[in-house]
Number of protein chains: 2
Amino acid sequence: MAGSRKTWRRDEIVAAAAHCFMQQGYHATRIDDVAAHLGCTKGRIYHYWPTKTDLFFDVHRAGMARLFAAVDPLPDGPNGAAQLAGLLHAHARAMLDHHTYETVVAQGVQVHRFDRLSDVQQQVMSDLIASRDRFETLFLQALMRGMADGSLACENPSITVKVLLGGLQWSIIWYRPQQGETEQDRADLAAQMVHPLLHGVKKHD
Amino acid sequence: MAGSRKTWRRDEIVAAAAHCFMQQGYHATRIDDVAAHLGCTKGRIYHYWPTKTDLFFDVHRAGMARLFAAVDPLPDGPNGAAQLAGLLHAHARAMLDHHTYETVVAQGVQVHRFDRLSDVQQQVMSDLIASRDRFETLFLQALMRGMADGSLACENPSITVKVLLGGLQWSIIWYRPQQGETEQDRADLAAQMVHPLLHGVKKHD
DNA sequence: GTCTATATACTGATAGAC
DNA sequence: GTCTATCAGTATATAGAC
């Protein structure tokens with residue numbers, strides 16, 4: 001059950017790990033750093049995860065879950081352009097709202113490309129890669145739909161999707177949550193980020 | 001002098017370090033990895049650089065130099081739109097051509113935010129940050145010029161520039177140089193990357 | 001379930017031979 | 001200028017007390 005004590009403990013640790021991985025990156029973060037951030041020692045962390053790698057994968061998974069949670073409830077909309085607009089706005093908001101987790105997602109599975117992973121870890125890594133692809137496909141489908149219904153236009157849909165998502169996801173580099181930032185501030189920023197991207201694929205006669 | 005034996009040795013090491021940092025990231029790369037990639041031992045590397053951090057900074061510097069080299073020779077062009085188009089195309093090409101170095105630039109100075117740095121290292125870091133800002137300003141100026149001369153339009157120039165550059169720079173995540181890739185292939189890819197971004201800020205009546 | 005203490009392994013950097 | 005050998009510091013992970 002989602003609200004169990006054990007789940008709560010795990011989530012608390014995942015959040016602390018996300019913070020540390022965001023600030024310092026995976027390799028520079030020591031398990032002791034995560035523990036210190038929680039005000040405990042690493043004994044607690046090793047009680048819930050066997051290795052640092054497994055903890056990272058769970059933070060990554062939590063980040064992906066937040067990305068999907070932002071776009072899954074969206075309606076399809078009247079045409080491809082409207083659908084893509086909804087997706088991009090929701091994704092921009094998610095990148096800002098969950099900046100900590102998404103910075104970890106951006107470090108991605110790349111960090112473990114050269115690690116020796118167990119079979120189980122390898123499977124987890126494959127699942128994470130698959131979920132990233134699935135996420136990108138949501139945007140690709142909206143773009144293709146828009147090209148079919150005449151509301152959108154572009155030369156190379158699969159490259160274009162990567163560029164559009166990149167424009168939003170690069171915010172992990174320059175954006176930092178601000179003290180006293182309101183919901184409205186973030187909504188405005190998200191809109192300003194999406195505008196040039198959406199305008200770039202809209203069909204103009 | 002640029003072609004001296006010592007300079008050549010340094011460049012060779014910087015290239016090997018760039019390759020390793022690109023593949024594994026800064027922290028996961030051991031000095032022994034860089035040496036192995038050169039077919040020597042770390043004695044050679046420590047003869048030219050006092051620390052791994054200083055080596056990283058030189059790779060970063062080399063990456064920034066390539067970015068500027070791609071856009072510095074460009075003419076201003078007849079208007080802001082033409083100027084920005086030239087900048088974006090050149091930058092897209094540079095991101096693909098120098099993928100290895102630019103992947104290191106993207107890791108940026110962030111990697112050393114929590115390191116204890118010497119005064120000299122701190123200064124080098126400041127210079128690198130300043131050069132990144134200067135680079136972004138080139139694009140911002142073209143955009144503002146275009147808004148003034150009526151060839152470009154956008155809501156928030158400084159956010160828009162970050163989004164446009166992000167769209168191109170995110171290619172370090174998904175692009176991998178392909179075996180047998182021609183100049184034309186890369187030029188085409190660059191054009192496909194730039195198209196939606198440029199279209200997004202062009203003024204349509 | 002969490003802590004302390006520690007084993008074990010790794011890696012940045014140095015010293016000194018050649 | 002490059003190599004070999006090694007030190008010293010650090011970090012993951014474990015064992016066992018509480």
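Given the structure is predicted, the values throughout are model-derived calculations rather than measurements. Letters go in sequence order (proteins before strands), and every chain restarts at 1.
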Can you give me the closest heavy-atom contact between [X] and [Y], atom names plus distance?
| X | Y | result |
| --- | --- | --- |
| A/M95 | A/S171 | CB-OG, 3.9 Å |
| B/C20 | B/V34 | SG-CA, 3.9 Å |
| A/F21 | A/Q107 | O-NE2, 2.9 Å |
| B/A62 | B/Y101 | CB-CE2, 3.7 Å |
| A/M22 | B/Q110 | O-NE2, 3.6 Å |
| B/K42 | B/I31 | CB-CG2, 3.5 Å |

>> For DNA chain D, which residues of residues 103-110 of chain B approach it to below 4.0 angstrom with any heavy atom?
In response: none

> Among residues 115-127 of chain B, which residues get a heavy atom nearer than 4.0 Å to DNA chain D?
Replying inline: none

> From A/I172 CD1 over to A/Y175 OH, what is the distance, rounded to the nearest 0.5 angstrom?
Replying inline: 13.5 Å

>> So, using side-chain hydrogen bond (donor to acceptor under 3.5 Å, both in side chains) as the criterion, who are the partners of A/D188 when residues are at least two apart?
In response: A/Q184

>> Going by side-chain hydrogen bond (donor to acceptor under 3.5 Å, both in side chains), name the residues that satisfy it together with B/T53, two or more places apart in sequence or in a different chain.
In response: B/Y26

Presence of salt bridge, [Y] and [X], under 4.0 angstrom:
| X | Y | value |
| --- | --- | --- |
| B/R186 | B/E181 | yes |
| B/R93 | B/E183 | yes |
| A/D58 | A/R10 | yes |

Value in whole Å for how far the [atom2] atom of [N] lies from [atom1] of [X]:
| X | N | atom1 | atom2 | result |
| --- | --- | --- | --- | --- |
| B/K52 | D/dT10 | NZ | C1' | 13 Å |
| A/W49 | D/dT14 | CH2 | P | 16 Å |
| A/F56 | D/dT12 | CZ | C1' | 17 Å |

> Is it true that the side chains of A/H91 and A/Q169 contain a donor and an acceptor less than 3.5 Å apart?
Replying inline: yes

> B/T41 or A/T51: which one's nearest nucleotide on DNA chain D is closer to the 5' end?
Replying inline: B/T41

> For DNA chain C, what residues of residues 15-35 of chain B have any heavy atom nearer than 4.0 Å?
Replying inline: B/T29, B/R30, B/I31

> Taking 5' to 3' order, which nucleotide of DNA chain C is first and which is last to have an atom within less than 4.0 Å of a heavy atom in chain A?
Replying inline: C/dG1 to C/dT4

